[in-house]
Number of protein chains: 2
Amino acid sequence: MTDPTDAPDDAFHIFDTTLRDGAQREGINLTVADKLTIARHLDDFGVGFIEGGWPGANPRDTEFFRRAGEEIAFRHARLVAFGATRRAGTRAEDDPQVAALLDSGAPVVTLVAKSHDRHVELALRTTLEENLAMVRDTVAHLRAHGRRVFVDCEHFFDGYRANAGYALRVVRAAHEAGADVVVLCDTNGGMLPAHVGAVVGEVLAATGARLGIHAQDDTGCAVANTLAAVDAGATHVQCTANGYGERVGNANLFPVVAALELKYDRRVLPPGRLAEATRVSHAIAEVVNLTPSTHQPYVGVSAFAHKAGLHASAIKVDPDLYQHIDPERVGNTMRMLVSDMAGRASVELKGRELGIDLGGDRELVGRVVERVKEREAQGYTYEAADASFELLLRAEVTGRPLRYFRVESWRAIVEDRPDGTHANEATVKLWAKGERIVATAEGNGPVNALDRALRVALERIYPELAALELTDYKVRILEGSLGTGSITRVLVSTSDERGEWSTVGVAENVIAASWQALDDAYAYGLWRAGVEPQAD
Amino acid sequence: MTDPTDAPDDAFHIFDTTLRDGAQREGINLTVADKLTIARHLDDFGVGFIEGGWPGANPRDTEFFRRAGEEIAFRHARLVAFGATRRAGTRAEDDPQVAALLDSGAPVVTLVAKSHDRHVELALRTTLEENLAMVRDTVAHLRAHGRRVFVDCEHFFDGYRANAGYALRVVRAAHEAGADVVVLCDTNGGMLPAHVGAVVGEVLAATGARLGIHAQDDTGCAVANTLAAVDAGATHVQCTANGYGERVGNANLFPVVAALELKYDRRVLPPGRLAEATRVSHAIAEVVNLTPSTHQPYVGVSAFAHKAGLHASAIKVDPDLYQHIDPERVGNTMRMLVSDMAGRASVELKGRELGIDLGGDRELVGRVVERVKEREAQGYTYEAADASFELLLRAEVTGRPLRYFRVESWRAIVEDRPDGTHANEATVKLWAKGERIVATAEGNGPVNALDRALRVALERIYPELAALELTDYKVRILEGSLGTGSITRVLVSTSDERGEWSTVGVAENVIAASWQALDDAYAYGLWRAGVEPQAD
């Protein structure tokens with residue numbers, strides 16, 4: 001694995017553990033493909049380290065490290081493998097768990113070590129001296145194999161309160177054996193900032209080790225605890241995207257990074273990346289299939305939303321009177337009314353990103369903003385459906401939708417038979433290049449059957465479709481308005497040899513919404529392949 | 001209005017502003033009845049002050065004060081009316097807005113005052129001297145009418161940074177005119193704890209006024225900012241239930257109170273009330289019609305949920321090793337999440353939680369673990385599907401599944417018609433209590449049609465089904481193994497009058513997976529309702 005091409009300044013580390021500790025959150029269950037996607041987002045955002053998981057502990061994490069090494073050309077981040085110190089009474093070189101850390105190929109390893117005397121005795125069931133030897137041996141072994149090593153001192157703050165002398169010995173053992181950073185962990189999350197700051201200051205003075213902080217959010221103070229540790233001299237902060245993590249969660253990457261850059265005036269990301277915070281936060285939420293928290297600091301859709309009234313006119317005089325930062329610095333926008341996320345600026349930026357310059361045409365941008373607002377009010381979301389947004393934008397620019405076929409009708413049937421097997425059959429009736437085509441296909445589900453029927457109908461006319469593959473499919477039920485029942489939103493990811501794109505469909509039922517997303521996915525795929533659209 | 005019968009110690013105030021500032025949250029729209037219900041919950045919880053709204057500013061708030069005075073016999077709380085200082089260039093006694101505060105009958109009034117010089121000039125459009133006179137006059141007028149007065153210094157921290165001298169003059173004006181507490185407000189929410197603590201300390205030293213803190217959560221530090229102010233000498237804290245409030249929100253009442261009682265060992269609620277925190281939090285969420293945040297500190301359903309298998313065995317040894325407080329102190333419970341990271345220990349703990357003691361039967365626990373592993377390998381997940389896990393567990397314990405009907409076959413059809421409308425129809429054929437039933441129904445989607453057909457088929461035999469409602473529905477596509485295509489996982493949430501439960505279905509297609517989750521949802525719902533299962 002090669003070094004990232006554009007790693008941030010090593011004097012201060014932003015260490016992301018979404019893929020390891022974040023995955024402990026209730027309701028998150030990541031596939032290898034999910035982990036690779038999140039790693040790309042985090043690298044793109046510019047964190048310095050990405051902890052990918054525990055190689056050897058489960059096949060999924062082992063595979064992640066293999067594929068990340070092969071498939072991702074990291075620009076900013078270094079990949080980190082997580083594992084434990086060697087077992088009591090063995091040698092580090094004989095411990096298969098330690099070997100798996102080396103086998104992962106990750107250039108950096110985080111070792112979790114016990115630093116609370118009671119945990120050593122009750123949970124680890126070994127002696128205090130042997131625990132120190134485990135730390136020393138494992139760090140030295142990994143260092144001897146050229147790895148950079150960080151040591152997470154689990155339950156450090158509780159341990160320091162119970163037996164400060166022993167907790168400090170663990171820090172010194174790690175530091176002296178060659179650990180680059182010793183991370184003080186508030187594993188149970190029960191600490192408050194004043195105490196965290198005091199302890200970090202004392203440990204720094206007593207050991208001289210480079211210190212990091214890992215804060216859980218059980219008191220609602222994880223961000224503040226992280227900043228208190230930085231105030232006291234910690235130069236390595238562990239966070240997770242959107243604060244995902246066990247129980248209440250971990251210190252949230254976005255407010256921590258925003259505070260450091262905007263309040264401390266400390267550059268911790270590559271230039272310009274902080275303005276991607278909102279997009280990255282929402283994209284990761286989509287990958288883990290959790291609704292992005294609307295009230296997350298800095299990046300939530302409500303973070304700069306003002307209810308009209310008292311503030312409205314004053315905001316018009318001077319927005320800075322009523323917001324603590326310019327929302328554009330974190331890629332967010334001020335909103336005076338409910339619902340829409342799209343402002344003129346973001347549409348223009350998005351257009352520029354797609355190579356469509358809208359700067360000169362105020363009327364066109366206004367039309368796109370209106371169209372997005374209208375669609376978002378219906379339940380569409382474009383943050384996670386770039387391809388559908390691009391189709392919408394290009395339709396407004398050219399004055400006609402990118403169409404390759406016109407559907408007359410379709411039908412899907414799912415049947416559960418007495419023998420327990422299922423039959424899934426779909427029929428589509430459509431027009432393409434002046435020809436009416438009727439096709440039927442079976443599939444492993446109704447959406448798959450529709451997908452196949454569409455391919456059967458179109459493959460002769462558009463052989464380019466053979467290269468398209470449906471790679472992900474997500475469904476979310478949105479609350480209906482005025483008691484009309486719920487609305488279904490489907491996000492589909494599709495790939496060809498060169499990349500992947502996402503499309504969205506919204507309808508009162510899952511099959512109809514899937515159909516819309518498929519329709520966009522095919523249109524976008526054909527457009528990418530350079531096929532000329534048809535007049536409607 | 002009489003004094004509460006059992007008011008908490010006046011030396012430290014818990015001041016709740018859910019009904020005034022909390023109602024600024026996007027998506028909250030409170031009726032008078034809602035406000036009365038929330039006020040009862042807050043009084044029951046034991047806060048010292050309840051800010052009810054701005055009488056005179058809108059008819060709803062005026063009516064709330066009238067009805068609260070008549071209908072609620074407060075036990076702990078005093079009701080507070082919120083309003084502004086008199087208009088520039090008038091007399092307090094001539095200002096109808098000030099008169100409305102007296103008319104409200106509330107024994108306490110909070111006045112909002114400008115303390116930032118730029119806001120006085122730009123937003124209030126008056127002179128700095130006149131603003132001071134407005135504070136003095138209005139406080140004195142309300143004091144002369146027997147009201148206790150708190151003064152909220154809006155934008156205090158920004159104002160203090162811009163012009164500390166003027167900000168301090170506002171504090172002194174309020175204090176000298178007879179305000180009981182001067183509240184320093186971080187209105188834009190941009191502050192961090194170290195700064196808040198320093199400023200509160202300076203203001204206290206400079207003025208000798210009793211100080212309060214009002215923190216917004218825009219940096220994710222509202223709880224920590226509140227505690228930093230307390231550390232520096234503030235003895236009045238403003239909070240909202242569940243942190244509701246404008247933009248990101250306000251300091252959350254529950255973690256603030258829990259930190260004060262459990263971490264500071266300071267009694268701020270009447271005895272025994274903290275253990276009601278979880279119930280009160282969820283009850284208020286229901287009233288405002290927002291899903292309770294699962295990851296809220298202390299009171300969220302995930303706040304004491306453990307996933308990692310690593311921890312589960314240690315938790316059995318000593319739960320205190322892995323939680324910062326006993327969850328019962330805030331009325332919450334520890335939950336073990338069953339997942340592929342877990343093993344025997346978490347199954348046993350989970351069984352205990354459900355009231356099924358598995359401790360003695362190693363063979364049974366082993367069987368359950370095997371069954372869970374086998375199902376999770378197929379794509380099932382039980383950590384988000386408690387009810388499906390309980391059905392599985394009870395089936396293993398009793399030796400037979402909890403069944404109420406036996407399905408012969410079913411069929412769902414979705415048709416997109418040339419006019420753009422959709423038809424969704426489902427047919428089920430099943431046996432229940434010895435009877436064969438065939439039923440067909442339409443729905444707004446195929447799953448809804450199946451749900452309805454099932455109800456049509458069963459409602460005569462099981463009238464208890466009428467109380468069940470499908471409340472959430474999530475779909476996830478899992479990667480297939482060995483190229484056999486993808487697998488679909490559906491999670492369904494269902495509720496009756498007493499609560500909600502989740503079930504899971506996994507199949508090669510979304511309709512079949514939904515069917516399984518519905519099947520479990522109905523079985524669990526009937527079991528909860530006390531209906532006797534049928535022999536298969």
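All of these numbers come straight from a predicted model, not from anything done at the bench.
Proximity to chain A is limited to the side chain of B:T294, based on heavy atoms less than 4.5 angstrom apart. Using a 4.5 Å cut-off between heavy atoms, B:A258 does not touch chain A at all. Only the side chain of B:P193 comes within contact range of chain A, with at least one heavy atom under 4.5 Å from a heavy atom of that chain. Proximity to chain A (any heavy atom under 4.5 Å) is shown, for B:D218, by both the backbone and the side chain. In this structure, chain A has no heavy atom under 4.5 Å from any part of B:Y244. Neither the backbone nor the side chain of A:F157 comes within contact range of chain B, judged by heavy atoms closer than 4.5 Å.
Options B:R411, B:H295, B:Q216 differ in how many heavy-atom pairs under 4.5 Å they form with chain A, and the most are formed by B:H295. Ranked by heavy-atom pairs under 4.5 Å with chain B, the list A:L192, A:L262, A:T427 is led by A:L192. Considering only heavy-atom pairs separated by less than 4.5 Å from chain B, the leading option among A:P418, A:G443, A:A224 is A:P418. Per-residue counts of heavy-atom pairs under 4.5 Å with chain A were compared for B:A228, B:A303, B:G220; the largest is that of B:A303. Comparing B:P446, B:A194, B:A449 by how many heavy-atom pairs each has under 4.5 Å with chain A, the most go to B:P446. Between chain A and the residues B:N188, B:V256, B:I325, B:D217, the most heavy-atom pairs under 4.5 angstrom are made by B:N188. The residue among B:A222, B:A512, B:A513 with the most heavy atom pairs within less than 4.5 Å of chain A is B:A512. Taking chain A as the reference chain and counting heavy-atom pairs below 4.5 Å, the highest number among B:G445, B:P255, B:A426 is found for B:G445.
Contact record, B:T219 with A:Y298: CG2-OH, 3.6 Å, taken as the closest heavy-atom pair. Closest approach of B:Q296 and A:V248 over heavy atoms only: O-CG2, 3.9 Å. Residues A:C221 and B:V223 share a closest heavy-atom pair of SG-CG1, 3.9 Å. The nearest pair of heavy atoms linking B:E408 to A:D416 is O-OD2, 4.2 Å.
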Take B:T187 and A:H324 through the side chain to side chain contact (heavy atoms under 4.5 Å, CB included) test and state the conclusion after the steps. CA-CA 9 Å; B:T187 309; A:H324 70 116; over 6 Å; no
Would you check, one step at a time, whether the test side chain to side chain contact (heavy atoms under 4.5 Å, CB included) holds for A:E26 with B:S302? CA-CA 7 Å; A:E26 183 173 8; B:S302 296; 2.5 Å; yes
Trace of the side chain to side chain contact (heavy atoms under 4.5 Å, CB included) decision for B:V414 with A:N509: CA-CA 9 Å; B:V414 181; A:N509 87 62; 4.0 Å; yes
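One finds the CD atom of B:E415 at 8.0 Å from the CD1 atom of A:I413 (value rounded to the nearest 0.5 Å).
Using the six-membered ring where Trp is involved, A:H119 and B:Y322 have ring planes that are perpendicular, over 60° apart on the 30 and 60° scheme.
Aromatic rings from A:W410 and B:H422 are positioned such that their centres are separated by under 6.0 Å.
With hydrogens and angles disregarded, a donor-acceptor distance shorter than 3.5 Å links the side chain of A:K263 to the backbone of B:G190.
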